[in-house]
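Let me begin by presenting the structure, written as structure tokens, before commenting on it.
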Protein chains: 2
Amino acid sequence: MEKVLVKLKEVYPLSGAALGKLIAKLQALSLPKGYILVREGTVANKLYFMEKGIARSFCYKDGKEITFWFGAEGSFISSYNGYIANKPGYGTIELLEDCILFSIDQASMQALFQTDLELANWGRKLAELELIKTEQLLISQLFKTAHEKYQDLLAENPGLLQRVQLGHIASYLGVTQVTLSRIRTKMK
Amino acid sequence: MEKVLVKLKEVYPLSGAALGKLIAKLQALSLPKGYILVREGTVANKLYFMEKGIARSFCYKDGKEITFWFGAEGSFISSYNGYIANKPGYGTIELLEDCILFSIDQASMQALFQTDLELANWGRKLAELELIKTEQLLISQLFKTAHEKYQDLLAENPGLLQRVQLGHIASYLGVTQVTLSRIRTKMK
DNA sequence: GCTTTCTTTTAACAAATGTTAAAAAGTAGT
DNA sequence: ACTACTTTTTAACATTTGTTAAAAGAAAGC
């Protein structure tokens, strides 16, 4: 229970009491590589924290999988459409390695938000931070070429390539695996 | 002061008292077409509400403008990087028509969040709703062709075409204006 | 060590999109 | 109605990316 504590506090400063309430609701999970944490189209109202391992979110498009998100150690993971809006999520979340996760269900979260000002602000800050991260992803998706996005990925997250198949990364960059392979060849 | 009231309440149910505190901080603005609400690279820590009119956010890429967002009546508008993280925003926000807006500055907002549980939850809900909207945009950007995205835009927001130049819409869809023109021709 | 299977690269061709420039259509002001 | 200006469409060609299939390489099981 190392990283999760650090990251929970990083989101928004919490008193010991508030942090304790949050931690009390956490459930530890140890799940194997290949495990489907959330299945597309189901309402999954849990928030996860990745303590160890890596996961991805993907959708199906014409029978092919398109990865739109990776979450490694220190990431919050959720089908936000389920967690936030109680609606079916549009992605499947798959574990790409054996993982240790912590989960908290939305109902417990809501109960805390309704009664604790600090935690309500913690929840606000979490959503805000995820929002600017997502907006940043959207913008780079819109105005960078696959080549640039690949270079950015290399710079920001060099370890990812050693842990994730190129096919997943290709769809994440918005291109086919063949195109990504061509990009890599050019960069040698 | 019609739409703003409805939308503020839609985000999260508020008591009269809490709503009153929020409204007390609102400033009405009437600004002309072409006005730059936020300039790229500056820290703009205000949240706006569009009462009447329409705006866009855009970045420069190789000297060309790329629009990544439109906000018409009923939209919340902000450089979230400034409003949330107090960092320079990556987009310029330009008014595309004469607009009536309401603004509230981040400091006032923070003060309310720190003292009022209802408003802290209101702020949380606002960020959460913006998050799932942005995530939806990102996914459609990743796994839809320009043709599909244009059709979606027509279906979801038919009025936009009458109010916004095609060049802006083209960059929003992630293609050049020439390509959008070709798509439109094919659809006739 | 040798299959067997999965992943990545390469090749050849087709389709889509970008680039540049010109033409056409639409607007606004006089 | 005319001009000046802006926006949209069209055309021709270059470039990029997609598609399909095969080859090469890497990993896993026996």
Side-chain angles (χ1 to χ4, degrees), chain A residues 32-36 54-56 58-68 70 94-98 140-154 158-188, chain B residues 32-35 54 56 58-68 70 94-98 140-154 158-188:
Chain A
K33 175 175 175 173
Y35 186 86
I36 302 298
I54 191 165
R56 69 170 180 134
F58 67 93
C59 296
Y60 289 98
K61 164 71 174 175
D62 303 332
K64 286 169 206 158
E65 296 176 357
I66 299 184
T67 297
F68 59 93
F70 293 107
E94 177 196 14
L95 304 186
L96 300 175
E97 298 175 354
D98 294 346
S140 81
Q141 191 59 39
L142 259 174
F143 85 151
K144 289 188 177 170
T145 63
H147 196 116
E148 289 171 310
K149 283 184 271 178
Y150 180 70
Q151 286 178 317
D152 287 359
L153 196 68
L154 275 185
L160 199 67
L161 283 168
Q162 274 68 57
R163 299 171 75 179
V164 173
Q165 297 177 203
L166 285 183
H168 296 157
I169 290 177
S171 69
Y172 178 73
L173 299 176
V175 296
T176 61
Q177 182 165 351
V178 176
T179 298
L180 177 56
S181 195
R182 282 193 276 235
I183 289 169
R184 283 160 60 86
T185 304
K186 268 188 208 161
M187 286 176 63
K188 279 174 194 164
Chain B
K33 176 176 176 172
Y35 186 85
I54 189 164
R56 67 169 182 136
F58 66 93
C59 297
Y60 289 98
K61 162 73 174 176
D62 303 331
K64 287 169 207 159
E65 296 176 357
I66 298 186
T67 298
F68 60 92
F70 292 107
E94 177 196 14
L95 304 187
L96 300 175
E97 297 175 355
D98 294 347
S140 81
Q141 191 59 37
L142 259 173
F143 85 150
K144 290 189 178 171
T145 63
H147 195 115
E148 289 171 310
K149 284 184 271 179
Y150 179 69
Q151 286 178 317
D152 287 358
L153 195 69
L154 275 185
L160 199 67
L161 283 167
Q162 273 70 58
R163 300 171 74 180
V164 173
Q165 296 177 206
L166 286 184
H168 296 157
I169 289 176
S171 70
Y172 178 74
L173 298 177
V175 296
T176 61
Q177 182 166 351
V178 176
T179 298
L180 177 55
S181 197
R182 282 193 274 235
I183 288 169
R184 284 160 57 87
T185 303
K186 271 189 206 159
M187 285 175 64
K188 276 172 195 163

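What's counted below: heavy atoms across the whole structure, side chains too, no hydrogens, waters or symmetry copies.
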inquiry  = So if I define the base as every atom that isn't primed, P, OP1 or OP2, how would nucleotides 25-30 of chain D read as a B/S/- string at a heavy-atom cutoff under 4.0 Å?
reply    = ------

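Residue pairs satisfying the salt bridge (charged side-chain N to carboxylate O under 4.0 Å, His left out) criterion with at least one member in residues 160-181 of chain A, sequence neighbours excluded, are listed as follows: A:Glu73-A:Arg163, A:Glu97-A:Arg163.
For the helix from C:dG1-D:dC30 to C:dT30-D:dA1, the axis fitted to the five pairs at one end and the axis fitted to the five pairs at the other end meet at an angle of 50° (nearest 10 degrees).
In this view, B:Glu65 and B:Arg56 satisfy the side-chain hydrogen bond (donor to acceptor under 3.5 Å, both in side chains) rule, not counting sequence neighbours. A:Pro32 is linked by a side-chain contact (heavy atoms from CB on, under 4.5 Å) to A:Tyr35, A:Asp98, counting only residues two or more places apart in sequence or in another chain. Checked against ring pair (Phe, Tyr, Trp, His ring centres under 6.0 Å), A:Phe70 has the following partners two or more places apart in sequence or in another chain: A:Tyr172. A:Thr145 meets the side-chain contact (heavy atoms from CB on, under 4.5 Å) test with A:His147, A:Glu148; sequence neighbours excluded. B:Asp152 meets the salt bridge (charged side-chain N to carboxylate O under 4.0 Å, His left out) test with B:Lys144; sequence neighbours excluded. Contacts of B:Phe68 classified as ring pair (Phe, Tyr, Trp, His ring centres under 6.0 Å), with partners at least two apart in sequence or in another chain: none. Scanning for side-chain contact (heavy atoms from CB on, under 4.5 Å) contacts around A:Leu154 gives A:Tyr150, A:Leu161, A:Met187, with sequence neighbours left out. Take A:Thr179 and apply the side-chain contact (heavy atoms from CB on, under 4.5 Å) test, not counting sequence neighbours, and it matches A:Val175, A:Thr176, A:Arg182, A:Ile183.
Proximity of B:Thr185 to the phosphate of D:dT10: a side-chain N or O atom is located under 4.0 Å from OP1 or OP2.
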Could you go over nucleotides 16-26 of chain C and give all protein N or O partners under 3.5 Å, atom names and distances?
{"residue": "C:dG18", "atom": "OP2", "partner": "B:Thr176", "partner atom": "N", "Å": "3.2"}
{"residue": "C:dG18", "atom": "OP2", "partner": "B:Thr176", "partner atom": "OG1", "Å": "3.1"}
{"residue": "C:dG18", "atom": "OP2", "partner": "B:Thr179", "partner atom": "OG1", "Å": "2.4"}
{"residue": "C:dG18", "atom": "N7", "partner": "B:Arg182", "partner atom": "NH2", "Å": "2.7"}
{"residue": "C:dG18", "atom": "O6", "partner": "B:Arg182", "partner atom": "NH1", "Å": "3.3"}

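If you take CZ of B:Arg163 and P of C:dT27, they are 17 Å apart, rounded to a whole angstrom. Between the P atom of D:dT7 and the CD atom of B:Glu65 lies a distance of 11 Å, rounded to the nearest Å. Regarding A:Ile66, its CD1 atom lies at a distance of 10 Å from the P atom of D:dG18, rounded to whole Å. One can place CG of A:Leu166 at 13 Å from C1' of C:dC6, the figure rounded to the nearest angstrom.
Of the inter-residue distances, the one linking A:Ile169 atom CD1 with A:Leu160 atom CG reads 4.5 Å to the nearest 0.5 angstrom.
Two residues are said to be in side-chain contact when any heavy atoms from C-beta on lie closer than 4.5 Å; B:Leu96 and B:His168 meet this criterion.
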